[in-house]
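First listed ligand is number 1; within each ligand, the first listed atom is number 1.
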Amino acid sequence: MVKIAPSILSADFGRLAEEIKGISNEADMVHIDVMDGSFVPNITLGQPVTRCIRQATDLPFDVHLMIFNPEKHIDSFADAGADIITVHAEASIHLHRTLQQIRQRGIKAGVAINPATPVCAVENVLHMVDMVLVMTVNPGFGGQSMIVEALSKVEAITRLVRKKGLDLDIEVDGGITDETIGAAVRAGANVFVAGSYVFGADCPGAAVRTLRTTALAAAKSMSSTQRTI
Ligand code: DX5
Ligand code: ZN
(Lines give C-alpha, C1' and ligand atoms only; values in the text may rest on other atoms or scores of the structure.)
(Ligands and ions follow the chains in the order given, each with its own letter.)
Protein backbone atom coordinates (compact mmCIF):
# COMPACT_ATOMS: atom_id res chain seq x y z
CA MET A 1 0.00 0.00 0.00
CA VAL A 2 1.31 3.45 -0.93
CA LYS A 3 1.52 5.78 2.07
CA ILE A 4 2.42 9.44 1.74
CA ALA A 5 3.89 11.04 4.87
CA PRO A 6 4.35 14.82 4.57
CA SER A 7 7.21 16.05 6.74
CA ILE A 8 6.23 19.10 8.75
CA LEU A 9 9.88 20.16 8.79
CA SER A 10 9.08 22.24 5.71
CA ALA A 11 5.76 23.54 7.05
CA ASP A 12 5.31 27.03 8.47
CA PHE A 13 6.00 26.41 12.19
CA GLY A 14 4.00 29.52 13.05
CA ARG A 15 0.85 27.94 11.62
CA LEU A 16 1.59 24.28 12.22
CA ALA A 17 -1.93 23.18 13.11
CA GLU A 18 -3.35 24.88 10.02
CA GLU A 19 -0.66 23.37 7.78
CA ILE A 20 -1.40 19.88 9.13
CA LYS A 21 -5.14 20.34 8.62
CA GLY A 22 -4.35 21.27 5.01
CA ILE A 23 -2.96 17.81 4.24
CA SER A 24 -5.16 15.76 6.57
CA ASN A 25 -7.64 14.64 3.90
CA GLU A 26 -4.90 13.53 1.51
CA ALA A 27 -1.99 12.14 3.51
CA ASP A 28 -1.63 8.81 5.33
CA MET A 29 0.63 9.95 8.16
CA VAL A 30 2.26 13.08 9.51
CA HIS A 31 6.05 12.77 9.56
CA ILE A 32 7.58 14.57 12.52
CA ASP A 33 11.34 15.19 12.34
CA VAL A 34 12.91 15.45 15.78
CA MET A 35 16.52 16.69 15.75
CA ASP A 36 18.87 17.21 18.67
CA GLY A 37 21.66 19.37 17.23
CA SER A 38 24.08 16.56 17.99
CA PHE A 39 23.21 13.47 15.96
CA VAL A 40 22.30 15.93 13.19
CA PRO A 41 23.29 19.61 12.93
CA ASN A 42 19.81 21.04 13.40
CA ILE A 43 17.44 21.34 16.37
CA THR A 44 13.73 21.17 15.62
CA LEU A 45 10.90 20.27 17.95
CA GLY A 46 10.10 17.86 20.72
CA GLN A 47 7.38 16.37 22.85
CA PRO A 48 5.47 19.58 23.77
CA VAL A 49 4.93 20.54 20.13
CA THR A 50 4.05 16.96 19.21
CA ARG A 51 1.44 16.91 22.00
CA CYS A 52 0.06 20.24 20.86
CA ILE A 53 -0.40 19.29 17.19
CA ARG A 54 -1.98 15.98 18.18
CA GLN A 55 -5.24 17.89 18.38
CA ALA A 56 -4.99 19.08 14.77
CA THR A 57 -5.52 15.71 13.05
CA ASP A 58 -6.48 12.08 13.42
CA LEU A 59 -3.68 10.98 11.09
CA PRO A 60 -1.04 8.69 12.59
CA PHE A 61 2.09 10.45 13.81
CA ASP A 62 5.27 9.03 12.26
CA VAL A 63 7.95 10.31 14.62
CA HIS A 64 11.47 10.22 13.18
CA LEU A 65 13.97 10.60 16.01
CA MET A 66 17.27 11.99 14.74
CA ILE A 67 18.70 12.07 18.24
CA PHE A 68 21.38 10.23 20.18
CA ASN A 69 20.20 7.92 22.97
CA PRO A 70 16.61 7.79 21.70
CA GLU A 71 15.74 5.21 24.39
CA LYS A 72 15.54 8.06 26.91
CA HIS A 73 12.65 9.67 25.04
CA ILE A 74 10.47 6.79 23.85
CA ASP A 75 7.94 7.00 26.67
CA SER A 76 7.52 10.76 26.45
CA PHE A 77 6.98 10.70 22.67
CA ALA A 78 4.50 7.84 23.06
CA ASP A 79 2.70 9.91 25.72
CA ALA A 80 2.73 12.90 23.36
CA GLY A 81 0.82 10.93 20.70
CA ALA A 82 3.35 9.10 18.50
CA ASP A 83 1.89 6.13 16.61
CA ILE A 84 5.20 5.00 15.20
CA ILE A 85 8.63 5.87 16.52
CA THR A 86 11.65 5.39 14.28
CA VAL A 87 15.13 5.42 15.75
CA HIS A 88 18.44 5.47 13.91
CA ALA A 89 20.58 2.34 14.01
CA GLU A 90 23.59 4.68 14.29
CA ALA A 91 22.20 6.48 17.33
CA SER A 92 21.23 3.67 19.70
CA ILE A 93 23.92 1.36 21.05
CA HIS A 94 21.40 -1.20 22.32
CA LEU A 95 19.13 -1.00 19.30
CA HIS A 96 17.42 -4.31 20.00
CA ARG A 97 16.37 -3.14 23.47
CA THR A 98 15.26 0.26 22.17
CA LEU A 99 12.99 -1.37 19.58
CA GLN A 100 11.55 -3.66 22.25
CA GLN A 101 10.92 -0.62 24.40
CA ILE A 102 8.92 1.04 21.60
CA ARG A 103 6.78 -2.02 21.00
CA GLN A 104 6.21 -2.48 24.72
CA ARG A 105 4.46 0.88 24.61
CA GLY A 106 1.96 -0.66 22.17
CA ILE A 107 3.01 1.48 19.24
CA LYS A 108 4.84 0.69 16.01
CA ALA A 109 8.62 0.57 15.84
CA GLY A 110 10.81 1.72 12.97
CA VAL A 111 14.54 1.63 12.38
CA ALA A 112 16.38 4.10 10.14
CA ILE A 113 19.75 4.11 8.38
CA ASN A 114 21.72 7.02 6.98
CA PRO A 115 22.97 6.99 3.38
CA ALA A 116 26.43 5.71 4.39
CA THR A 117 25.15 2.97 6.72
CA PRO A 118 25.02 -0.54 5.26
CA VAL A 119 21.90 -2.70 5.27
CA CYS A 120 23.57 -5.24 7.58
CA ALA A 121 23.14 -2.69 10.41
CA VAL A 122 19.41 -3.52 10.50
CA GLU A 123 19.36 -7.08 9.20
CA ASN A 124 19.20 -8.65 12.65
CA VAL A 125 16.29 -6.52 13.85
CA LEU A 126 14.03 -6.70 10.79
CA HIS A 127 11.75 -9.21 12.52
CA MET A 128 11.06 -6.76 15.34
CA VAL A 129 10.11 -3.64 13.38
CA ASP A 130 7.05 -2.44 11.52
CA MET A 131 9.03 -0.17 9.24
CA VAL A 132 12.55 0.36 7.91
CA LEU A 133 13.45 3.92 6.96
CA VAL A 134 16.17 4.37 4.36
CA MET A 135 17.45 7.93 4.35
CA THR A 136 17.88 9.19 0.81
CA VAL A 137 19.60 12.39 2.01
CA ASN A 138 21.97 13.02 4.89
CA PRO A 139 19.57 13.86 7.71
CA GLY A 140 19.34 17.33 9.21
CA PHE A 141 17.74 19.53 6.59
CA GLY A 142 14.81 19.62 4.22
CA GLY A 143 15.05 20.56 0.58
CA GLN A 144 18.10 18.48 -0.39
CA SER A 145 18.44 16.43 -3.57
CA MET A 146 17.95 12.69 -3.37
CA ILE A 147 21.08 10.54 -3.09
CA VAL A 148 19.97 8.07 -5.71
CA GLU A 149 22.56 5.43 -4.78
CA ALA A 150 20.75 4.91 -1.46
CA LEU A 151 17.96 3.25 -3.42
CA SER A 152 20.12 0.17 -3.94
CA LYS A 153 19.75 -0.37 -0.17
CA VAL A 154 15.98 -0.17 -0.55
CA GLU A 155 16.28 -2.94 -3.15
CA ALA A 156 18.45 -5.02 -0.83
CA ILE A 157 16.03 -4.58 2.09
CA THR A 158 13.09 -5.46 -0.15
CA ARG A 159 14.85 -8.71 -1.08
CA LEU A 160 15.68 -9.49 2.55
CA VAL A 161 12.13 -8.83 3.71
CA ARG A 162 10.80 -11.19 1.05
CA LYS A 163 13.38 -13.85 1.84
CA LYS A 164 12.52 -13.73 5.53
CA GLY A 165 8.78 -13.74 4.77
CA LEU A 166 8.24 -10.52 6.74
CA ASP A 167 5.53 -7.95 6.32
CA LEU A 168 6.80 -4.45 6.95
CA ASP A 169 6.80 -1.00 5.44
CA ILE A 170 9.85 0.40 3.67
CA GLU A 171 10.00 4.17 3.97
CA VAL A 172 12.23 6.58 2.04
CA ASP A 173 12.97 10.07 3.31
CA GLY A 174 14.73 12.89 1.52
CA GLY A 175 14.45 14.48 -1.89
CA ILE A 176 11.11 12.85 -2.73
CA THR A 177 9.33 14.71 -5.54
CA ASP A 178 7.07 13.76 -8.44
CA GLU A 179 10.30 13.17 -10.40
CA THR A 180 12.05 10.89 -7.91
CA ILE A 181 9.20 8.93 -6.33
CA GLY A 182 8.98 6.51 -9.27
CA ALA A 183 12.55 5.28 -8.75
CA ALA A 184 11.84 4.78 -5.04
CA VAL A 185 8.73 2.73 -5.89
CA ARG A 186 10.72 0.60 -8.34
CA ALA A 187 13.33 -0.03 -5.64
CA GLY A 188 10.61 -1.42 -3.37
CA ALA A 189 9.62 1.46 -1.07
CA ASN A 190 5.97 1.94 -0.16
CA VAL A 191 6.09 4.84 2.34
CA PHE A 192 7.22 8.20 1.02
CA VAL A 193 8.20 11.15 3.21
CA ALA A 194 8.08 14.50 1.45
CA GLY A 195 8.72 17.85 3.09
CA SER A 196 9.63 20.65 0.71
CA TYR A 197 7.74 19.12 -2.22
CA VAL A 198 4.50 19.16 -0.20
CA PHE A 199 4.77 22.23 2.02
CA GLY A 200 6.61 24.28 -0.61
CA ALA A 201 3.67 23.83 -2.97
CA ASP A 202 0.88 26.37 -3.41
CA CYS A 203 -1.57 23.64 -2.47
CA PRO A 204 0.05 21.00 -0.21
CA GLY A 205 -3.00 18.72 -0.45
CA ALA A 206 -2.73 18.64 -4.25
CA ALA A 207 1.01 17.92 -4.00
CA VAL A 208 0.22 14.85 -1.86
CA ARG A 209 -2.31 13.71 -4.49
CA THR A 210 0.29 14.10 -7.25
CA LEU A 211 2.82 12.03 -5.32
CA ARG A 212 0.27 9.27 -4.75
CA THR A 213 -0.84 9.20 -8.39
CA THR A 214 2.77 9.12 -9.60
CA ALA A 215 3.71 6.34 -7.17
CA LEU A 216 0.71 4.24 -8.17
CA ALA A 217 1.51 4.72 -11.87
CA ALA A 218 5.11 3.60 -11.27
CA ALA A 219 3.88 0.52 -9.40
CA LYS A 220 1.46 -0.32 -12.21
CA SER A 221 4.26 -0.29 -14.75
CA MET A 222 6.11 -3.01 -12.79
CA SER A 223 5.47 -6.72 -13.19
CA SER A 224 3.41 -8.38 -10.48
CA THR A 225 6.44 -10.30 -9.18
CA GLN A 226 8.47 -7.12 -8.80
CA ARG A 227 5.68 -5.07 -7.29
CA THR A 228 5.61 -4.43 -3.56
CA ILE A 229 2.66 -2.01 -3.50
C1 DX5 B 1 15.66 15.22 6.83
C2 DX5 B 1 14.31 14.81 7.34
C3 DX5 B 1 13.29 14.74 6.28
C4 DX5 B 1 13.04 16.04 5.57
C5 DX5 B 1 12.78 15.71 4.13
O6 DX5 B 1 16.61 15.07 7.81
O7 DX5 B 1 14.36 13.54 7.95
O8 DX5 B 1 12.08 14.19 6.75
O9 DX5 B 1 11.98 16.77 6.06
O10 DX5 B 1 12.68 16.90 3.44
P11 DX5 B 1 12.59 16.93 1.86
O12 DX5 B 1 11.39 16.12 1.46
O13 DX5 B 1 12.46 18.38 1.55
O14 DX5 B 1 13.86 16.33 1.32
ZN1 ZN C 1 12.44 12.48 8.42
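Contacts classified as salt bridge (charged side-chain N to carboxylate O under 4.0 Å, His left out) and involving residues 86-114 (residues at least two apart or in different chains) are given here: Asp75-Arg105, Asp79-Arg105, Arg103-Asp130.
With a 6.0 Å radius and a threshold of 12 heavy atoms from other residues, nucleotides or ligands, Asp12 has its CG atom above the threshold. Within a 6.0 Å sphere centred on CD of Glu179, heavy atoms belonging to other residues, nucleotides or ligands number 12 at most.
Using a 4.0 Å cut-off between charged nitrogen and carboxylate oxygen, Asp178 and Arg209 do not count as a salt-bridge pair.
For the pair Thr158 (side chain) and Ala187 (backbone), a donor-acceptor distance under 3.5 Å is present. Counting only distance, with no hydrogens or angles, the side chain of Thr44 and the backbone of Asp33 share a donor-acceptor pair below 3.5 Å. Here the side chain of Thr136 pairs a donor or acceptor atom with the backbone of Asp173 at under 3.5 angstrom.
Using a 4.0 Å heavy-atom criterion, the residues that approach ligand 1 are Ser7, Leu9, His31, Asp33, Met35, His64, Met66, Met135, Pro139, Gly140, Phe141, Gly142, Gly143, Asp173, Gly174, Gly175, Val193, Ala194, Gly195, Ser196.
Side-chain contacts under 4.5 Å among hydrophobic residues (ILVMFWY), followed directly or transitively, place Phe39 together with Leu9, Met35, Val40, Met66, Phe68.
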| request: List the steps, then state whether side chain to side chain donor-acceptor pair (under 3.5 Å) holds for Ser24 with Thr57. | output: CA-CA 6 Å; Ser24 280; Thr57 183; 2.9 Å; yes
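Ordered by chain and number, His31 NE2, Asp33 OD1, His64 ND1, Asp173 OD2 make up the set of protein N, O or S atoms under 2.8 Å of the Zn ion (ligand 2).
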